[in-house]
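Everything below concerns the one structure shown next.
Side chains are part of it too, since the values below use all heavy atoms of this structure and drop only hydrogens, waters and symmetry mates. In each ligand, atom 1 is the first atom listed, and ligand 1 is the first ligand listed. One is the number of the first residue; the rest follow in order along the sequence.
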Amino acid sequence: MRRVLAVIVIVLGLGAGGCSVWGMEGGPGGAGAAVATASASVGPVDAVPGPDGVQRITVSLGDDLRMHPSVVRVRLGTVAITFHNTGAVPHEIRLAVGPGSQCASATRCATSVDSGNLDAGASSVVRFAVDRPGTLPLICIYHQSSGMTGSLVVVA
Ligand SMILES: [Cu+2]
């Protein structure tokens, strides 16, 4: 019981942190985006397991054509990534989960998962399972050539 409460507190704390990051990026234009780009290159950001064991993280997509964060680290198991378009330019994120992975949801069972088209302000949750360590590429299919890429680092 005590352990469950501790987990909930941690999740709530990180959730609040995520909101403040969104606040910065949600502000008017360039300055906020530049700050977010700098912080995105610092290093991988861990997805946070919930009480159900699913590791969750939100990746924000901006008009700077970058993912925030651009490097997400997860452990083996089920992952749910929320892709949220905080800007005006549409994005669509695809993740090649590879032959060693399988989808946790019956509706998404393929070697890649896709956010679908995300117009301004839209978000979608991509849920899948990873069963071997490695680094999987995240790409925006509209802006890959502009460097709108990232990676999912899977550790044991
Ligand atoms: Cu994009």
Side-chain angles (χ1 to χ4, degrees), residues 11 14-50 54-155:
V11 169
L14 288 172
C19 286
S20 64
V21 170
W22 279 20
M24 275 170 46
E25 292 177 0
V35 170
T37 300
S39 67
S41 64
V42 168
V45 177
D46 292 317
V48 180
V54 176
Q55 305 170 84
R56 293 183 172 83
I57 191 166
T58 295
V59 174
S60 298
L61 314 169
D63 287 345
D64 58 351
L65 307 185
R66 292 293 181 268
M67 303 178 194
H68 307 283
S70 61
V71 182
V72 173
R73 185 168 53 197
V74 301
R75 296 191 174 277
L76 301 180
T78 304
V79 179
I81 303 178
T82 300
F83 291 104
H84 179 218
N85 187 351
T86 57
V89 178
H91 302 285
E92 181 169 346
I93 308 302
R94 187 164 294 164
L95 167 68
V97 292
S101 302
Q102 62 182 12
C103 298
S105 158
T107 58
R108 288 185 179 275
C109 285
T111 55
S112 69
V113 291
D114 195 296
S115 68
N117 179 72
L118 295 173
D119 288 325
S123 63
S124 72
V125 180
V126 180
R127 183 176 164 129
F128 55 94
V130 284
D131 62 6
R132 67 177 64 172
T135 299
L136 307 172
L138 281 166
I139 64 163
C140 175
I141 64 172
Y142 304 151
H143 305 116
Q144 183 178 11
S145 63
S146 299
M148 191 169 188
T149 61
S151 54
L152 183 80
V153 178
V154 182
V155 296

Closest N/O/S atom of H91 to the Cu ion (ligand 1), by atom name? ND1
H91 NE2 to I141 CD1 distance, which is reported to the nearest 0.5 Å: 12.0 Å
Name of whichever N/O/S atom of H143 is nearest to the Cu ion (ligand 1): ND1
Residue M148, metal the Cu ion (ligand 1), N/O/S under 2.8 Å: yes
For V79 versus V130, what's the shortest heavy-atom pair and its separation? CG2-CG2, 4.2 Å
Write down the atom of T135, the atom of S151, and the distance for their closest heavy-atom approach. CG2-CB, 3.8 Å
Indicate the atoms forming the closest heavy-atom contact of A88 with A120, along with that distance. CA-CB, 3.7 Å
